[in-house]
Amino acid sequence: MTRDNALIGELEKLLGPRGVLTQADDLARYRTDWTGRRGGMPLAVVRPENTAQVADIVAYCHRHDLPLVPQGGHSGLVCGAMPDEERAELVLSLERMNQVRELDPLNFSMSVDAGCVLQTIKEVAEEADCYFPLALGAQGSCQIGGNISTNAGGLNVLRYGMTRQLVLGLEVVLPDGRILSHMRALHKNNTGYDLKQLFIGAEGTLGIVTGAVLKLFPKPQVTRTALLACADIEAVLALYAQARRCCCDLLTAFELIPRHCLELAMRAAPDLRDPLDAPHPTYVLMEVAASGPADLDAMIEALFEQGAEAGLLVDGVLAASEAQAQQLWLIREAMLEGQRQTGEHLRTDISLPISSLPLFHAQACHAIAEICPEATVIAYGHIGDGNLHFNILPPATLAESERPPLLHDLELRLFEIVEAFDGSISAEHGIGRLKQAAFLDTLPGPEYDLMRGIKHLLDPRELLSPGRILPTSGD
């Protein structure tokens, strides 16, 4: 019997035949992420039903030196959860661990399995008149364990923070198979090191998240959505400062959308119509929400008046119904599909001090034009937290074989400018394998030593998500 056959046999004893996939047709979807990138062929895909089974699998791999990578909803963008192309890995899918364990509306908390789909969590919370604010384009397929492991951001960071701020407790299987259970629904706990923060954003390299206690909020009773038109990004930033003051802490989203993106969205979603009478260079998609008797219309009207008087706002529309609001948000969703339809392009996820955005944008656009004047820059994203998706579409006439080297050069130059502005090359997507080289190029020595030390302490054999974030010792 070969080693692989023995492995499959042992895993089937632990999980049963439904818990282990080995056929090529069954493995195909576990080798591909949202972008369409394809990973290597895994040894097998294991699908545990509970934390005890995860612990059994990890302990088995630890005993037999088998590398494994946890996987959620296949919506990652940095090749962190796809099986390696060079070394065979075991894929551990959490998709069968999808139960809501407990919801406490008085404590505003919710305990869930790591494989729960984000959309399901949001819907269950709303049924209890509560609200879980994490909101992503992929929320219909992404899993909360992956959201936690990548410290997902999304559309509501401005008001509610990153995933890190939404987790009260965690359950994690450590690389040797032991279970670390901190599933306490405490809003305040100051006893020693906050160990759960080690695993939030660690991309599955330090442990496998199997459960979480999430922080809930009162369900918003009133929401207002508006699309605003501005002359340039400088006006957008000035308008944002006014919006923070006019709307107090009720501002939940303030999204930059350039004209290019609106046009891409309308091509991708033919039912979309230009929301304003005339085209404008730059738009803002803004949302304000309240769970109490706040007069949101008055706040937005005041912003419209002040913005127009200051010459910052040239046009705008306030959604008069939920259906109209959904149409405005469809722009934000459809423009992603519009970009994907253009073929291979540079997709980035950078973060900068908010006040630096206009100068950065100008310098970055100039640098890109020097390298490839025909390239199209599409810089959009979460203005309220300084997170830009600075994407670049190569010329449509460029041969497919010439796109990868050009995009590589453009990315290197862009990241140089990000570094000059003390920014980050990853605001919410993570590092995985795709951004590892760029990450290491700018990682200070003390930080590298600490990260390497933490990895060695928890996973000295480097079996858990090897080669993600940090290279393995032999690389």
Closest approach of Ala212 and Ile148, non-hydrogen atoms and distance?
CB-CD1, 3.4 Å
Residues Ile425 and Phe439: closest non-hydrogen pair is CD1-N, 3.6 Å
List for me each residue that meets ring-ring contact (aromatic ring centres under 6.0 Å, His included) alongside Tyr283, sequence neighbours excluded, and say none if there are none.
none
Here the pair of heavy atoms bringing Leu318 nearest to Thr225 is CD1-O, 3.4 Å
Glu255 and Arg332 ion-paired at < 4.0 Å:
yes
Apply side chain to side chain contact (heavy atoms under 4.5 Å, CB included) to Pro67 and list each qualifying residue two or more places apart in sequence or on a separate chain.
Glu89, Pro466
I'd like to check the ring-ring contact (aromatic ring centres under 6.0 Å, His included) partners of Phe108; sequence neighbours left out, ordered by chain and number.
none
Keeping the roles fixed (side chain from Arg224, backbone from Leu296), state whether a donor-acceptor pair exists under 3.5 Å.
no
Which residues pass the salt bridge (charged side-chain N to carboxylate O under 4.0 Å, His left out) test with Arg38, sequence neighbours left out?
none
Any side chain to side chain donor-acceptor pair (under 3.5 Å) involving residues 442-460? Give me the pairs, sequence neighbours left out, ordered by first then second residue.
Tyr448-Arg452, Arg452-Glu462, Lys455-Asp459
When you check the gap from the basic side-chain N to the acidic O, do Arg468 and Glu203 get nearer than 4.0 Å?
no
Could you give the distance from CG (Asn387) to CG (Leu352), rounded to the nearest 0.5 Å?
9.0 Å
CG on Leu388 to CG on Asn391, rounded to 0.5 Å
10.0 Å
Among residues at least two apart in sequence or on other chains, which ones pass ring-ring contact (aromatic ring centres under 6.0 Å, His included) with Tyr160?
Tyr131, Phe217
Go through the structure and list residues passing side chain to side chain contact (heavy atoms under 4.5 Å, CB included) with Glu12, not counting sequence neighbours.
Ile8, Val20
Would you mind listing every ring-ring contact (aromatic ring centres under 6.0 Å, His included) that reaches into residues 37-57, with sequence neighbours excluded?
none
So, using side chain to side chain contact (heavy atoms under 4.5 Å, CB included) as the criterion, who are the partners of Glu102 when residues are at least two apart?
Ser111
Kindly check if the number of other-residue, nucleotide or ligand heavy atoms within 6.0 Å of CD (Gln341) is above 12?
yes
Sequence neighbours excluded, which residues qualify as side chain to side chain contact (heavy atoms under 4.5 Å, CB included) partners of His74?
Arg29, Tyr30, Gln71
Mind listing the closest non-hydrogen atom pair of Leu134 and Lys122 along with its distance?
O-NZ, 3.0 Å
Salt bridge (Lys or Arg N to Asp or Glu O under 4.0 Å) partners of residues 414-437, not counting sequence neighbours, each pair once:
Asp84-Arg433, Glu85-Arg433, Arg413-Glu416
Partner set under salt bridge (charged side-chain N to carboxylate O under 4.0 Å, His left out) for Glu333, not counting sequence neighbours
none
Determine, for Arg461 against Asp65, whether the closest basic-nitrogen to carboxylate-oxygen distance falls under 4.0 angstrom.
yes
Test Gln143 against Met97 for side-chain contact (heavy atoms from CB on, under 4.5 Å), laying out the working first.
CA-CA 10 Å; Gln143 297 172 9; Met97 295 178 57; over 6 Å; no
Test salt bridge (charged side-chain N to carboxylate O under 4.0 Å, His left out) on Arg101 and Glu171 and set out the steps.
CA-CA 12 Å; Arg101 302 182 187 181; Glu171 178 184 78; 3.0 Å; yes
